[in-house]
Chemist: 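Dropping a structure here in structure tokens format, bear with me for questions.
Just so we're clear, the structure is a prediction, and the values are computed from it rather than from any experiment. Residues: numbered from 1 along the sequence shown.
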Amino acid sequence: MPGKAARTIFEIAEDQLGYFTAAQARAAGVKPVTLVKMGQRGTVQRVSWGVYRLPNFPVLPYAQFMAASLWPQARRIGIQGVISHASALSLYDLSDASPAQVHITLPKATRLNRAVPAYLIVHRADLPPTDVQQVHGLPVTTPERSIRDCHAATMGGSVVRGAIDDAEREGWLKPVQAAKLRDELLR
């Protein structure tokens with residue numbers, strides 16, 4: 001059974017930069033006790049409550065963002081954290097934003113009965129689908145939404161200005177969008 005469980009978990013984690021949740025493993029037929037035994041043998045590593053990674057999977061630059069995105073669905077599949085705010089700017093390589101923690105946005109109605117890991121900052125908003133896109137296989141707020149969120153979180157004019165300038169230069173924002181953001185947020 002451990003061989004089958006390991007293959008099942010690998011199939012889940014392969015598309016998620018080596019990460020998976022206990023809920024995903026359970027939904028795929030891996031019993032919780034098997035997951036515990038795999039952790040004791042070092043076949044899997046616990047990252048945070050309900051989030052695991054395969055230790056032999058290469059550590060990729062965006063791995064911490066995947067762990068953050070998966071954390072909300074540790075118990076049940078379907079609740080996905082969207083990388084947002086300064087973390088989204090970092091993924092897009094916009095501005096000099098380099099947050100020490102990963103920012104994720106969850107729907108307002110989401111209730112989680114566990115402590116938020118120290119590496120996360122959780123924001124609440126009901127994001128329309130037009131404000132979310134996939135970047136490096138991760139759900140991320142769009143550059144425009146990310147800039148607006150950073151402004152609302154009072155990150156400072158220089159970060160917002162730099163993000164708008166970089167987004168326009170890199171083609172993430174059209175000149176008209178960038179001008180509109182400058183007028184709304186910086187004047």
Side-chain angles (χ1 to χ4, degrees), residues 12 15-17 19-21 23-24 47-48 50-51 60-114 116-187:
I12 296 167
D15 293 332
Q16 299 177 159
L17 306 179
Y19 289 82
F20 67 96
T21 68
Q24 290 174 322
V47 175
S48 62
V51 179
L60 300 170
Y62 308 110
Q64 66 179 352
F65 296 112
M66 182 59 76
S69 174
L70 291 173
W71 175 79
Q73 61 176 301
R75 274 199 170 150
R76 58 182 188 266
I77 297 172
I79 304 169
Q80 187 171 40
V82 177
I83 308 302
S84 62
H85 294 74
S87 297
L89 294 183
S90 175
L91 269 171
Y92 291 114
D93 200 21
L94 302 177
S95 181
D96 292 330
S98 180
Q101 296 166 292
V102 179
H103 294 255
I104 61 170
T105 297
L106 300 177
K108 290 179 183 177
T110 301
R111 299 289 172 248
L112 300 171
N113 297 327
R114 61 186 184 278
V116 176
Y119 72 93
L120 283 180
I121 295 177
V122 176
H123 303 275
R124 303 288 180 153
D126 294 324
L127 297 170
T130 55
D131 281 355
V132 179
Q133 60 189 25
Q134 293 288 314
V135 177
H136 306 296
L138 298 160
V140 184
T141 54
T142 62
E144 183 175 353
R145 174 64 190 239
S146 303
I147 291 167
R148 289 182 184 283
D149 287 342
C150 287
H151 179 265
T154 62
M155 284 198 60
S158 65
V159 170
V160 172
R161 183 176 294 104
I164 294 170
D165 293 346
D166 291 349
E168 182 179 16
R169 184 176 47 258
E170 297 297 323
W172 290 109
L173 293 176
K174 294 177 182 171
V176 170
Q177 291 173 295
K180 182 180 176 185
L181 280 174
R182 284 185 193 97
D183 285 345
E184 287 179 28
L185 307 179
L186 299 174
R187 304 230 157 89

Chemist: Is there side-chain contact between R114 and W71, with at least one heavy-atom pair below 4.5 Å?
Modeler: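 Yes. Closest side-chain heavy atoms under 4.5 Å.
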Chemist: Would I83 and I104 count as a side-chain contact (heavy atoms from CB on, under 4.5 Å) here? Give the steps.
Modeler: CA-CA 4 Å; I83 308 302; I104 61 170; 3.9 Å; yes
Chemist: Between P72 and Q80, is there a side-chain heavy-atom distance shorter than 4.5 Å?
Modeler: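 The answer is no, as the side chains (C-beta and beyond) never meet within the 4.5 Å cut-off.
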Chemist: Between E144 and I147, is a side-chain contact (heavy atoms from CB on, under 4.5 Å) present by the stated rule, with each step listed?
Modeler: CA-CA 5 Å; E144 183 175 353; I147 291 167; 5.9 Å; no
Chemist: Passes side-chain contact (heavy atoms from CB on, under 4.5 Å), L186 versus I164? Steps please.
Modeler: CA-CA 10 Å; L186 299 174; I164 294 170; 4.1 Å; yes
Chemist: What are the two closest non-hydrogen atoms of C150 and L89, and how far apart are they?
Modeler: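 That would be SG-CD1, 3.5 Å.
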Chemist: Find out whether Q101 and P117 are in side-chain contact, i.e. whether some heavy atom of one side chain is under 4.5 Å from a heavy atom of the other.
Modeler: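 The answer is no; the side chains never approach within 4.5 Å.
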Chemist: Grab the two heavy atoms, one from G81 and one from L106, that are nearest each other, plus how far apart they are.
Modeler: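 Closest pair (atom of G81, atom of L106, distance): CA-CD2, 3.6 Å.
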Chemist: Distance check, rounded to the nearest 0.5 Å: L94 atom CG versus L173 atom CG?
Modeler: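 Reported to 0.5 Å precision, the distance equals 8.0 Å.
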Chemist: Against Y92, only a single residue in Y62, W172, F65 fulfils ring-ring contact (aromatic ring centres under 6.0 Å, His included); can you say which?
Modeler: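 Between Y92 and the candidates, ring-ring contact (aromatic ring centres under 6.0 Å, His included) is satisfied uniquely by W172.
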Chemist: For the CD atom of Q73 and the CZ atom of F20, what is their distance to the nearest 0.5 Å?
Modeler: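 Atom-to-atom, Q73:CD and F20:CZ are 12.5 Å apart.
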Chemist: Could you go through the salt bridge (charged side-chain N to carboxylate O under 4.0 Å, His left out) check for D183 and K180 one step at a time?
Modeler: CA-CA 5 Å; D183 285 345; K180 182 180 176 185; over 6 Å; no
Chemist: State whether R161 and D165 are salt-bridged, where the test is any N-O pair (Lys NZ or Arg NE/NH1/NH2 against Asp/Glu carboxylate O) under 4.0 Å.
Modeler: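 Answer for the salt bridge query: no.
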Chemist: Is there side-chain contact between Q134 and P139, with at least one heavy-atom pair below 4.5 Å?
Modeler: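 A side-chain contact exists here, since the closest heavy-atom pair is under 4.5 Å.
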Chemist: How close do T142 and V132 get, heavy atom to heavy atom, and via which atoms?
Modeler: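 Looking at all heavy atoms of both residues, the closest pair is CG2-N, 4.0 Å.
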Chemist: Between H151 and E184, does a side-chain contact (heavy atoms from CB on, under 4.5 Å) hold up when you go through it step by step?
Modeler: CA-CA 10 Å; H151 179 265; E184 287 179 28; over 6 Å; no
Chemist: Can you check whether V51's main-chain N or O pairs, donor with acceptor, with S48's side chain at less than 3.5 Å?
Modeler: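 No: the side chain of S48 does not pair with the backbone of V51.
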Chemist: Could you check whether any side-chain heavy atom of S146 comes within less than 4.5 Å of a side-chain heavy atom of H103, counting everything from C-beta outward?
Modeler: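 In short, these two side chains do not touch, never coming nearer than 4.5 Å.
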Chemist: If you take all heavy atoms of H123 and S84, which pair is closest and at what distance?
Modeler: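 Minimum heavy-atom separation between H123 and S84: CD2-OG, 4.1 Å.
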Chemist: How close do G137 and M66 get, counting heavy atoms only, and between which atoms?
Modeler: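 Scanning both residues, the minimum pair turns out to be O-CE, 3.8 Å.
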Chemist: Rounded to the nearest 0.5 Å, what's the gap from CG on D131 to OG1 on T105? Could you check?
Modeler: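 That separation rounds to 10.0 Å.
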Chemist: Main chain of T130, side chain of R145: is a donor-acceptor contact present, judged purely on distance under 3.5 Å?
Modeler: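 A pair under 3.5 Å: no.
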Chemist: Can you name the closest pair of heavy atoms from T141 and H85 and give their distance?
Modeler: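 T141 and H85 have their closest heavy atoms at OG1-N, 4.2 Å.
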Chemist: Kindly compute the distance separating CG (L17) from NE2 (H136), expressed to the nearest 0.5 Å.
Modeler: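 The NE2 atom of H136 is 10.0 Å from CG of L17, to the nearest 0.5 Å.
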Chemist: Would the number of heavy atoms belonging to other residues, nucleotides or ligands and lying under 6.0 Å from CG of D93 be above 12?
Modeler: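 No, CG of D93 has 12 or fewer neighbouring heavy atoms, counting only those of other groups under 6.0 Å.
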